[in-house]
Amino acid sequence: MQGWPRLWLAFCGAPPLLLLVGRLLPPEGPGLALRLAGAAACVLLLPGALVVRSLGAPRSLGVALAAALGWSLALLFASFAVVFALAGTLGLAVGLLGGTMLAAFVLSLRAVAPALDRAETRAVLALLVAGAVLAGALWWATGTIGGSLGPTVSDALFHLARVRKLDEGGSLGSIAVVNELSGEHVHPGYAFPLWHGALALVARLAGVDPTLVVLYLPAILAPLAVLLAYAAGTALFRSWAGGVAAAAGQLALFAFARDGTGWLQFLAQPGGAARLLLIPGLLALIFAYVAEGRLALLGAAAASAFALAVIHPTYVVFVALPLGGYVLARAVLSDGADTRPLLAGLAAVLVPSGLFFAWLAQFVGDTGGRPPVRFTQQVEELSSGLQLRPEQMAWGGGVKVAAFLAVPLALLAGRRRWAAYVLGGTAALAVTALVPPVFERFSDALTLSQAVRLASFLPLPFALAGAAVLAGRARALGIVAALAAGIGCELAYRHQVTGAAWAVWLAAVAATGGLALFALRPLSLDGDVPGRWAALAAAAFTLPVAITGFAGYERWDKPDPYGLSPGLTRALDEDVRPLATVLAPSVTSYRVAAYAPVRVVVAPPGHVAFNTESDYRERLRAAHRFFLERSSTPAQRAGILRRYQVEWVVVDKTRGRPALPPGLTLEYGDERYALYRVGREEQA
């Protein structure tokens, strides 16, 4: 039906209804799933969907979903900016978002949406089913935080600490409220807590502890990740089948090849959400704008790019590089076609991001330098400088090697937009990664810890999708060939460490050299719009990867060896005021900050923001002197308490029983932990 008003009203009413039904059920099992699904939709999709409808919905359901996510996050940013300016609470953010939604809903009732395409509707429903299966797998596998990934490896506790402070910290007087360390320590990567704020709103609306949000929200967001990958493919290939192929490529590379679900388990964290939700959504909007030229799509792309810059600033650079390569490749291979809209799309990424970076610059130097020792496996030093190790870029099993081998196939479809993006994007990132002077300057600008992630942003999902499109031209024979390729790659490279540097060089040379070679007369064997044969070829290739990935699937329910006891967690919640400073051993502090809205003196180095390297090292030494050095006197320990204005001390008896200074009162104790209140004299 033209405009589908009934479907629109059902869409608007479904999230609140799911949330209401879930709130009537216990916060576990189906009740928890309904609560999180309804709350996540109310926070991440519904506000933006109302804006999208008011401005005129895109023709593609997937692209509309991408626009809804981008606008929702932009509205969330505005809401939290007001909250921080007024020193309000999370309740004020709920009210502001609700008021904005009400106004947008009134405007949306007057808008008319385009007619739905039945083929795309069937594709979206099929992908929703596939996403639901993945969601079930993630939900079943979820057990604990910290235990499955080790005491200092998982970033989940770091992000949980920030979400908890927004949810339980009371008045939100500034962005510094989420700081984990005592003192003013703003993390430049998460300076404005947009994604953490979104998770806090989900927790508040769902009426559950933030721990449950961090644990189980990835399962809820998995179908959304599938649909956004589909949206990017649909917009680039201008076909529902191309969208299915792109979604299959995305899952094969980032989920199935990595123990079945891979990066999907990190969807509740800013990095995972940026990589699997925001970036595909942003690409979908830019690709759709290039094809359709609607200003509403450009505006949604700008909102999405701004949200990406706020949530994970460096990832904007990883998006802009292949887009810049796309502009050049499209100009070379198609005589300047699409150059103007592509430049406008690139500007929609760079301008709003640049505005945020200008504000962010005040925090950039705060963390100090970190030695690149732990990156020796990712980079190598040549006579001309550092470069990414090609064999490390090929890490990811047989499907990663197959994706690199699919890049040269794009030369067979040089006049198609997808081929230009694959070739141009690969060339831009390959030059940045493999040319030492370029990589060194790139890592100096972004830090080495961020630069080593560059290979994850190669347009390999679209290369696999393009290969499926080419295979689909052979119909049944192409499907058989795709299945054989999937099986062959899995048998040839059974481990994540492939060592296939040759495949990386082949893709890099083919992309850069091929663009130069075919500048005058590109090939174009792919002349038809991808159809069901392309989708079937993509599915056939992905099937062996999924089977191999899920072969060793297991539940992540190992106990956390450094976990807090239930009694200590309860005492921290009941006795310690929000944002009080707690001194504990490093790994214990990491958990204390995650399960109570407090600040700590020190935490593991990979999960903390610090003003300078020397300040952080002094904090480490202070904690070591307080808890582990027997030669430290009570007076020296009292000096540490005064220096960091410590109000509470947690002692892990398995890591030492220090001689505490006078004035500390035992408030809680069990076989392992003891919680002491510090007297005012010791704080002064």
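These figures come from a predicted structure and were not determined experimentally.
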Geometric class of the Phe84/Phe192 ring pair [parallel <30°, tilted 30-60°, perpendicular >60°]: perpendicular
Greater than 12 external heavy atoms within 6.0 Å of Arg532's CZ: no
Closest non-hydrogen atom pair between Ala603 and Leu181, with its separation: N-CD2, 4.5 Å
Heavy-atom donor-acceptor pair, Trp195 side chain to Ala268 backbone, under 3.5 Å: yes
Can you give each donor-acceptor pair under 3.5 Å made by side-chain atoms of residues 303-310, sequence neighbours left out, with the distance rounded to 0.1 Å?
none

Test item: Leu138 and Leu264 side chains (from C-beta on) under 4.5 Å apart, heavy atoms: yes
Parallel, tilted or perpendicular: ring planes of Trp140 versus Tyr553, cut at 30 and 60 degrees: tilted
Between Tyr315 and Arg453, a side-chain donor and acceptor under 3.5 Å: yes
Closest non-hydrogen atom pair, Ala403 against Leu460: CB-CB, 3.8 Å
Glu180 vs Arg599, salt bridge (charged side-chain N to carboxylate O under 4.0 Å, His left out): CA-CA, chis, key distance, verdict: CA-CA 5 Å; Glu180 63 273 17; Arg599 293 203 170 103; over 6 Å; no
Electrostatic pair Asp560:Arg591 at N-O distance under 4.0 angstrom: yes
Trace of the ring pair (Phe, Tyr, Trp, His ring centres under 6.0 Å) decision for Tyr562 with Tyr590: CA-CA 10 Å; Tyr562 294 90; Tyr590 191 35; over 10 Å; no
Minimum side-chain heavy-atom gap Tyr673-Val651 below 4.5 Å: no
Geometric class of the Tyr190/Phe158 ring pair [parallel <30°, tilted 30-60°, perpendicular >60°]: tilted
Where at least one partner belongs to residues 197-224, residue pairs that pass salt bridge (Lys or Arg N to Asp or Glu O under 4.0 Å), sequence neighbours excluded: Arg164-Asp209, Asp167-Arg204
Lys/Arg N to Asp/Glu carboxylate O, Arg577 vs Glu647, below 4.0 Å: yes
Separation of Leu199 CG from Leu160 CG (nearest 0.5 Å): 9.5 Å
Side chains of Ser60 and Glu120, donor plus acceptor under 3.5 Å: yes
Check: Leu166 and Val177 side chains under 4.5 Å, non-hydrogen atoms: yes
Evaluation steps, side chain to side chain contact (heavy atoms under 4.5 Å, CB included), between Lys653 and Arg672: CA-CA 5 Å; Lys653 300 171 186 177; Arg672 179 169 181 175; 5.5 Å; no
Beyond-backbone contact of Pro280 with Gln250, side-chain heavy atoms, under 4.5 angstrom: yes
Worked verdict on His187 versus Asn179 for side chain to side chain contact (heavy atoms under 4.5 Å, CB included): CA-CA 8 Å; His187 194 304; Asn179 295 348; over 6 Å; no
Pairs touching residues 19-54 that satisfy ring pair (Phe, Tyr, Trp, His ring centres under 6.0 Å), sequence neighbours left out: none
Evaluation steps, salt bridge (charged side-chain N to carboxylate O under 4.0 Å, His left out), between Arg59 and Asp117: CA-CA 8 Å; Arg59 297 186 180 92; Asp117 181 78; over 6 Å; no
